Amino acid sequence: MEENILVKEYHSPAGVLLVGSFMEELCLCDWRYRKKRDLIDRRLKNGLQAGFQYGNSAIIQETIRQLEEYFAKQRTQFDLPLKLIGTDFQKLVWQELIKIPFGQRLTYLDLSKRLGNEKAVRAVASANGANAISIIIPCHRIVGLNGKMVGYAGGLDAKKKLLALESRVTQGSFF
């Protein structure tokens, strides 16, 4: 039997997300209406040698449950099996993003330094933008120099909502 990437829409308070699983690992939690939707979808399909099929799975249900807790300010960390599909460098960046604590922000330069190469700012920004598991891999916690709001796959409104939610929970305000 050929495996498919099961996908379900989740209407979050910050926008519509596509939540997808492959063999009971989360491989997709991404903004439905992002500009690079086709590129991300192609990368997943090619990387997993699978097609998309609307459906549900235990991991999709668990992801939505944890996202609901996050938006209800009852969860600051996610505990989900992840299936990262990308280059080795992208995976390295995404693993580093996961280490950013809830409510904290870093710049692209900070993230590059954490990876041991402060000259890789553009490559880090590109990998950040290629993240297919938004919120769970918190690419929204990356800001431009001096805290400036910069692009986000879900749009700047979604990014502001996520950062505001996390700021209120931690009682600190970044902006």
Side-chain angles (χ1 to χ4, degrees), residues 5-22 25-45 47-48 52 54 56-57 59-87 89-108 110-111 123-144 149-169 174:
I5 302 164
L6 294 177
V7 179
K8 180 177 183 174
E9 282 191 0
Y10 166 62
H11 294 261
S12 83
V16 180
L17 292 163
L18 293 176
V19 180
S21 69
F22 182 76
E25 291 182 298
L26 183 70
C27 63
L28 179 67
C29 182
D30 200 16
W31 303 98
R32 172 71 180 94
Y33 300 106
R34 77 177 290 175
K35 290 179 183 176
K36 295 183 180 179
R37 174 83 274 131
D38 289 340
L39 185 65
I40 299 295
D41 293 347
R42 256 194 325 270
R43 186 180 80 226
L44 291 176
K45 288 176 184 177
L48 295 171
F52 282 133
Y54 277 94
N56 207 349
S57 70
I59 193 64
I60 288 173
Q61 290 175 301
E62 179 61 17
T63 300
I64 291 171
R65 185 185 72 74
Q66 289 190 28
L67 285 166
E68 291 284 332
E69 290 175 353
Y70 169 85
F71 285 110
K73 303 175 194 133
Q74 299 168 344
R75 175 174 289 275
T76 59
Q77 284 183 279
F78 294 92
D79 181 24
L80 298 160
L82 303 179
K83 181 76 170 169
L84 304 178
I85 306 301
T87 66
F89 181 76
Q90 288 171 330
K91 290 177 187 177
L92 188 66
V93 170
W94 301 333
Q95 290 291 348
E96 197 62 36
L97 285 169
I98 292 170
K99 296 176 187 175
I100 302 171
F102 182 92
Q104 291 191 15
R105 319 291 185 271
L106 293 180
T107 65
Y108 291 108
D110 294 332
L111 191 56
V124 165
S126 179
N128 196 60
N131 177 19
I133 307 180
S134 290
I135 303 174
I136 284 84
I137 297 178
C139 53
H140 62 278
R141 295 181 188 153
I142 301 297
V143 295
M149 281 290 196
V150 290
Y152 184 61
L156 289 182
D157 275 351
K159 183 172 186 159
K160 288 175 186 176
K161 286 178 184 177
L162 297 172
L163 293 175
L165 177 138
E166 293 185 9
S167 291
R168 283 194 298 274
V169 171
F174 184 76

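Given the structure is predicted, the values throughout are model-derived calculations rather than measurements.
- Side-chain contact between Phe78 and Ile135: present, with at least one pair of heavy atoms (C-beta onward) separated by less than 4.5 Å.
- Across all non-hydrogen atoms, the minimal contact from Thr107 to Gly144 is CG2-O, 3.6 Å.
- Of the possible donor and acceptor atoms, none in the side chain of Arg34 sits under 3.5 Å from a partner among the backbone N and O of Ile40.
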Discussion item. For Ile142 and Ile100: C-alpha separation, side-chain torsions, deciding distance, then whether side chain to side chain contact (heavy atoms under 4.5 Å, CB included) applies.
Written reply: CA-CA 9 Å; Ile142 301 297; Ile100 302 171; 3.7 Å; yes
Listing, residues 123-132 side-chain donor-acceptor contacts under 3.5 Å, not counting sequence neighbours, or none:
{"from": "Asn131", "atom 1": "OD1", "to": "Ile133", "atom 2": "N", "distance (Å)": "2.8"}
{"from": "Asn131", "atom 1": "ND2", "to": "Ile137", "atom 2": "O", "distance (Å)": "2.9"}

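- In summary, of the residues considered (Asp30, Leu28, Leu18), a side chain to side chain contact (heavy atoms under 4.5 Å, CB included) with Ser134 occurs for Asp30 alone.
- Nearest heavy atom pair, residue Leu17 against residue Leu67, reads CD1-CD1, 4.2 Å.
- One finds the CD1 atom of Ile5 at 4.5 Å from the CZ atom of Phe52 (value rounded to the nearest 0.5 Å).
- Annotation for Lys83 and Leu48: closest pair CE-CD2, 3.7 Å, computed over non-hydrogen atoms.
- Distance alone, capped at 3.5 Å, is enough to place a donor-acceptor pair between the Gln66 side chain and the Asp79 backbone.
- In terms of heavy-atom proximity, Lys8 sits nearest to Ile64 at CD-CD1, 4.1 Å.
- Taking CG of Leu44 as the start and SG of Cys27 as the end, the distance is 5.5 Å to the nearest 0.5 Å.
- Lys159 places no side-chain N or O within donor-acceptor distance of the main-chain N or O of Cys139, the cut-off being under 3.5 Å.
- Heavy-atom contacts from other residues, nucleotides or ligands closer than 6.0 Å to CD of Gln77 number 12 or fewer.
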Worksheet item: What's the verdict on side chain to side chain contact (heavy atoms under 4.5 Å, CB included) for Gln90 and Leu84, showing C-alpha distance, side-chain angles and the deciding distance?
Response: CA-CA 9 Å; Gln90 288 171 330; Leu84 304 178; over 6 Å; no
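- Side chains of Glu96 and Leu92 form no contact here, defined as non-hydrogen atoms less than 4.5 Å apart.
- Listed by chain and residue number, nothing satisfies the ring pair (Phe, Tyr, Trp, His ring centres under 6.0 Å) test with Tyr108 (two or more places apart in sequence, or in another chain).
- Arg37 places a side-chain N or O within 3.5 Å of a backbone atom of Trp31 that can act as its donor or acceptor partner.
- Summarising the geometry of Leu6 relative to Ser57, their closest heavy-atom pair is CD1-CB, 4.0 Å, with the distance given to 0.1 Å.
- Formation of a donor-acceptor pair under 3.5 Å by the Arg105 side chain with backbone atoms of Gly103 is found in this model.
- A 4.5 Å side-chain heavy-atom check between Glu25 and Ile59 finds every atom pair outside the cut-off.
- Taking every heavy atom of both residues into account, Leu26 and Gly20 meet most closely at CD1-O, 3.3 Å.
- Rounding to the nearest 0.5 Å gives a distance of 14.0 Å between OG of Ser12 and CZ of Arg32.
- Under the 4.5 Å side-chain criterion, counting only non-hydrogen atoms from C-beta, Leu162 is in contact with Tyr152.
- For the pair Thr63 and Ile60, the minimum side-chain heavy-atom distance is 4.5 Å or more.
- When each of Arg141, Lys161, Lys73 is tested with Glu166 by the rule salt bridge (charged side-chain N to carboxylate O under 4.0 Å, His left out), just one qualifies, namely Arg141.
- By the 6.0 Å contact criterion, NZ on Lys91 is enclosed, its count of non-hydrogen atoms from other residues, nucleotides or ligands being greater than 12.
- Other residues, nucleotides and ligands contribute over 12 non-hydrogen atoms within 6.0 Å of the NZ atom of Lys45.
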Discussion item. Let's go through Arg65 and Glu68 carefully: what are the C-alpha distance in whole Å and the side-chain angles of both, what is the deciding distance for salt bridge (charged side-chain N to carboxylate O under 4.0 Å, His left out) to 0.1 Å, and is it a yes or a no?
Written reply: CA-CA 5 Å; Arg65 185 185 72 74; Glu68 291 284 332; over 6 Å; no
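- Phe102 and Tyr70 have perpendicular rings, their planes meeting at more than 60° on a 0 to 90° scale where under 30° would count as parallel.
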